[in-house]
2 protein chains.
Amino acid sequence: MPTLDEVARLSGVSRATASRALTGDAKVKDETRKRVKAVAESLGYRPNRAARSLASGKSGVIGLVLPTLLLSDDPYGALLIHGLSDAASRRDLGLMLWLTHQEPGSTVREIFSGGIVDGLVVSATALNHRWVEPILDGGIPSVLLGRHPSRPDVHHLRVDNLAGARLVVEHLVSLGHKKIVTITGPLDRVDAVERLQAYRDVMEENGLTVTDDMISESNYTPDGGLAAMARLLPLKPTAVFCGNDQMAFGATEAIRLAGLDVPTDISIVGFDDFPDARSFRPPLTTVGQDIALLSQRAVDRLAELIADPSLPPEDVILPAKFSIRRSTGAPPSQ
Amino acid sequence: MPTLDEVARLSGVSRATASRALTGDAKVKDETRKRVKAVAESLGYRPNRAARSLASGKSGVIGLVLPTLLLSDDPYGALLIHGLSDAASRRDLGLMLWLTHQEPGSTVREIFSGGIVDGLVVSATALNHRWVEPILDGGIPSVLLGRHPSRPDVHHLRVDNLAGARLVVEHLVSLGHKKIVTITGPLDRVDAVERLQAYRDVMEENGLTVTDDMISESNYTPDGGLAAMARLLPLKPTAVFCGNDQMAFGATEAIRLAGLDVPTDISIVGFDDFPDARSFRPPLTTVGQDIALLSQRAVDRLAELIADPSLPPEDVILPAKFSIRRSTGAPPSQ
DNA sequence: CTGAAAGCGCTTACAG
DNA sequence: CTGAAAGCGCTTACAG
């Protein structure tokens with residue numbers, strides 16, 4: 001492995017100048033820079049990351065702390081890894097990963113300590129894992145993804161749940177639906193409560209009455225959605241707002257089992273907009289996080305924080321992404 | 001941030017001894033070690049990773065090179081990340097990630113160079129990506145996952161496709177099935193060809209004739225499986241071997257559309273054993289890679305290679321994992 | 001724009 | 001079992 005010393009010697013400059021020519025920030029005569037770069041290229045020189053990191057105090061790597069469940073039971077984890085990997089790569093940053101299940105080996109504290117990463121993206125739900133919270137006190141610049149009111153001292157980044165839910169319900173209203181029911185997620189979860197609230201608000205704003213039997217609490221699974229829809233069907237709704245896409249899939253099945261069609265008889269909207277929503281039959285009208293955007297913003301924010309760790313914590317809210325597809329239409333005319 | 005120097009000073013020993021006491025390999029008086037550890041603990045000392053890496057020549061991090069498609073279109077990527085993360089963590093190794101789509105930013109060559117990782121796990125299909133192959137020549141210890149005959153110079157680790165396929169077909173034969181048809185993946189893919197070969201072999205070994213119309217080539221998707229099964233149904237098979245689980249899902253739908261039941265009328269087996277196979281109705285009998293085991297072995301092998309890079313390349317083949325579930329039974333008696 | 005020098009914080013032969 | 005010393009390969013004020 002050639003070192004910077006060799007590159008410098010063959011270029012006829014000092015190590016300092018070679019370093020400046022290669023890293024690009026400082027002022028170096030153009031001709032010198034070219035010569036050094038050519039020599040480095042011809043030698044196949046790769047700067048030693050450890051040495052660079054030790055001297056500069058920056059590793060050029062960011063870490064992601066993710067609950068294992070979000071990777072195994074949910075498309076979210078894979079999408080997030082994908083997005084962050086892209087965003088990090090665009091800034092020439094490496095990406096390290098730590099999944100919260102790892103008890104037997106090293107803790108997140110150990111694995112991400114000692115300057116191995118310059119910053120951290122932490123999924124808010126990871127804070128339920130007892131090893132994770134302490135790392136936020138470790139002085140590593142961090143961005144928290146999602147909602148976590150207990151840590152107003154760290155930077156937050158999340159998608160507007162409430163406004164997103166409003167979008168889909170307003171869409172149903174604008175199509176002319178009046179009898180709109182809803183299937184919610186578990187109401188001990190903030191996101192489920194917020195989505196229900198958005199439903200209530202929009203209905204009220206449009207002079208549409210909501211009675212308790214129009215709201216069915218379920219569990220974010222397809223089976224739960226099917227069961228809930230079966231119970232709502234006697235009300236003869238023309239549209240349903242489901243608290244997530246999974247339940248919308250189940251609800252669609254229930255509607256078909258009753259001999260009805262989506263969207264001819266009943267329009268249906270979901271929440272999340274994971275890839276399955278697009279390939280579903282019919283493709284589901286839904287709203288969700290733009291995970292690519294979220295990832296990009298997270299890395300941008302982290303880069304700012306790494307450059308200036310004293311930045312005051314902010315709670316940044318991104319707009320939700322609304323996708324009108326084929327599961328919604330006008331209510332039946334009679 | 002406390003440094004090793006401070007730990008040494010407060011412990012009343014030299015920096016060298018403090019280092020030995022903390023890393024644990026070398027011989028240090030037990031009492032000394034205890035004292036140093038206590039001091040380190042009380043200071044909240046974390047060794048600087050860059051310094052350690054620079055001095056020792058080891059980063060304590062391994063990298064994973066994964067085709068983006070395996071993460072976004074397939075459960076395989078997420079399962080592999082999960083498994084490797086576990087396995088790496090058990091050895092106190094960090095895990096860095098590089099997805100093959102990342103053109104705009106840094107190449108895999110740059111991101112994993114300069115000693116930032118001690119070793120690499122590379123998905124064999126990643127080699128189709130032009131940036132990836134050169135890294136195998138870069139002198140970083142690497143383990144290739146899957147089959148890639150073009151690089152006999154690197155260590156391979158893969159699951160026995162052929163033996164796995166044999167298991168499920170033999171299972172059907174042992175249940176008494178004689179009219180067994182097959183739906184294959186695209187026959188320009190090695191894995192599809194191998195699975196078909198296993199089918200032919202088992203059939204022949206058991207004196208069961210295979211005619212061309214009993215083999216339907218498809219595309220590994222549910223829709224493809226449905227269409228293929230619809231074409232095979234006129235042959236009145238009592239069992240189907242599908243080249244992957246996805247096609248088995250589609251084939252099941254085709255069977256039901258024809259008014260038949262799985263497994264009462266037709267038994268069905270798949271290949272892959274991703275999580276969906278277990279939750280499918282009926283739960284699918286299938287065979288697949290044990291990704292947790294594969295990951296563990298990959299990290300074990302990599303650790304050996306890092307310790308001794310001169311180890312001769314081996315092609316290690318792991319057994320497939322067979323799961324008998326509810327989609328198979330005896331053929332109808334008439 | 002360039003160089004000499006110090007220093008980043010560890011590990012590891014080499015002696016003893 | 002322990003210490004003094006060298007060294008890992010860079011970056012970055014400080015001068016000029």
Side-chain angles (χ1 to χ4, degrees), chain A residues 1-37 39-40 43-61 92 94 110 113-118 139 306-307, chain B residues 1-37 39-40 43-61 92 94 110 113-118 139 306-307:
Chain A
M1 296 273 91
T3 68
L4 185 60
D5 257 325
E6 303 176 44
V7 174
R9 199 170 333 119
L10 290 174
S11 309
V13 298
S14 73
R15 198 167 2 121
T17 301
S19 172
R20 292 190 190 105
L22 260 22
T23 49
D25 342 296
K27 47 262 148 261
V28 177
K29 208 198 299 180
D30 226 42
E31 183 204 320
T32 312
R33 185 186 302 278
K34 271 190 190 125
R35 185 154 31 97
V36 173
K37 285 201 163 179
V39 171
L43 288 180
Y45 168 72
R46 302 280 161 192
N48 179 302
R49 300 303 224 81
R52 170 173 283 184
S53 172
L54 182 58
S56 71
K58 294 272 176 291
S59 70
V61 176
D92 278 312
E110 288 156 4
S113 71
I116 200 171
V117 294
D118 296 332
I306 291 169
Chain B
M1 295 272 91
T3 68
L4 186 59
D5 257 324
E6 303 176 43
V7 175
R9 200 171 333 118
L10 289 175
S11 310
V13 297
S14 71
R15 196 166 5 119
T17 300
S19 171
R20 293 189 190 104
L22 260 22
T23 49
D25 342 297
K27 47 263 148 264
V28 177
K29 208 198 298 180
D30 226 43
E31 184 204 319
T32 312
R33 184 186 303 279
K34 271 189 190 125
R35 185 153 33 96
V36 174
K37 286 201 162 179
V39 170
L43 289 179
Y45 169 72
R46 302 282 160 190
N48 178 302
R49 300 303 224 83
R52 170 175 283 185
S53 172
L54 181 58
S56 70
K58 294 272 176 289
S59 70
V61 177
D92 278 311
E110 288 156 4
S113 70
I116 200 172
V117 294
D118 297 332
I306 291 168

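Basis for what follows: all heavy atoms, side chains included, without hydrogens, waters or symmetry-related copies. Keep in mind that this is a model prediction, so the values were computed, not measured. So that the names make sense, note that chain A is the first sequence line, chain B the second, and so on, each numbered from 1.
Within the shown strands, nothing qualifies as a pairing partner of C/dA13 under the Watson-Crick or G-U definition with both distances less than 3.5 Å. Remark: D/dA4 base-pairs with no nucleotide in the shown strands. Criterion, Watson-Crick or G-U wobble with two distances under 3.5 Å.
Between A/Arg9 and A/Glu6, the closest side-chain pair of non-hydrogen atoms falls below 4.5 Å. Within the 4.5 Å cutoff, the side chain of A/Asn48 has no heavy atoms near those of the A/Met1 side chain. Looking only at side-chain heavy atoms (C-beta outward), A/Ile116 and A/Val61 stay at 4.5 Å or farther from each other. In this structure, the side chains of A/Val28 and A/Val13 stay at 4.5 Å or more apart for every pair of heavy atoms.
As rounded to whole Å, 13 Å separates atom C1' of C/dA4 from atom CG of A/Asp5. As rounded to whole Å, 16 Å separates atom C1' of C/dT12 from atom CG of B/Leu22. What separates CZ of A/Arg9 from C1' of D/dG9 is a distance of 13 Å, to the nearest Å. Put simply, CZ on B/Arg49 is 19 Å from C1' on D/dG9, counting in whole angstrom units. Taking atom CG on A/Leu4 and atom C1' on C/dT2, their separation rounds to 14 Å, with Å as the unit. The separation between B/Ile116 atom CD1 and D/dC10 atom P is 14 Å, rounded to whole Å. Distance, B/Leu54 CG to C/dT12 P: 12 Å, rounded to whole Å.
Residue A/Ser56 places its side chain closer to D/dT11 than to any other of C/dC10, C/dG3, D/dT11. Of the listed nucleotides (C/dT12, D/dT12, D/dT11), C/dT12 has the atom at the smallest distance from the side chain of B/Arg20. If you check C/dT12, D/dC10, C/dT2 against the side chain of B/Ser19, the one that comes closest is C/dT12. In the set C/dG9, C/dT2, D/dG9, the nucleotide with an atom closest to the side chain of B/Asn48 is C/dG9. When each of D/dC10, D/dC1, C/dT2 is scored by its nearest atom to the side-chain atoms of B/Lys29, the top-ranked nucleotide is D/dC1. Closest approach to the B/Thr17 side chain among D/dG3, D/dG9, C/dC10 is made by D/dG3 (side chain taken as heavy atoms from C-beta onward). Distances from the side chain of B/Thr32 to the nucleotides D/dA13, D/dT2, C/dT11 place D/dT2 closest. In the set D/dG3, C/dG9, D/dC10, the nucleotide with an atom closest to the side chain of B/Thr3 is C/dG9.
Across D/dC1 and D/dA5, the matching P atoms stand 24 Å from one another, rounded to whole Å. A distance of about 16 Å separates the C1' atoms of D/dG16 and D/dT12, rounded to the whole Å.
Side-chain N/O atoms of A/Ser14 include none lying less than 4.0 angstrom from OP1 or OP2 on C/dT2.
Between A/Arg52 and B/Gly12, the residue whose closest nucleotide on DNA chain D is further toward the 5' end is B/Gly12. Residue A/Ala16 is the one, among A/Ala16 and B/Pro2, whose nearest nucleotide of DNA chain C lies closer to the 5' end (criterion: closest heavy atom).
In terms of polar N and O atoms assigned as donor or acceptor, the side chain of A/Arg15 comes within less than 3.5 Å of the base of D/dT11 in a complementary pairing.
The backbone N or O of B/Ser11 lies less than 3.5 Å from a partner atom in the side chain of B/Arg35, making a donor-acceptor pair.
Considering A/Val39, A/Leu22, A/Leu10 in turn, A/Leu22 is the only one that fulfils the side-chain contact (heavy atoms from CB on, under 4.5 Å) rule with A/Tyr45.
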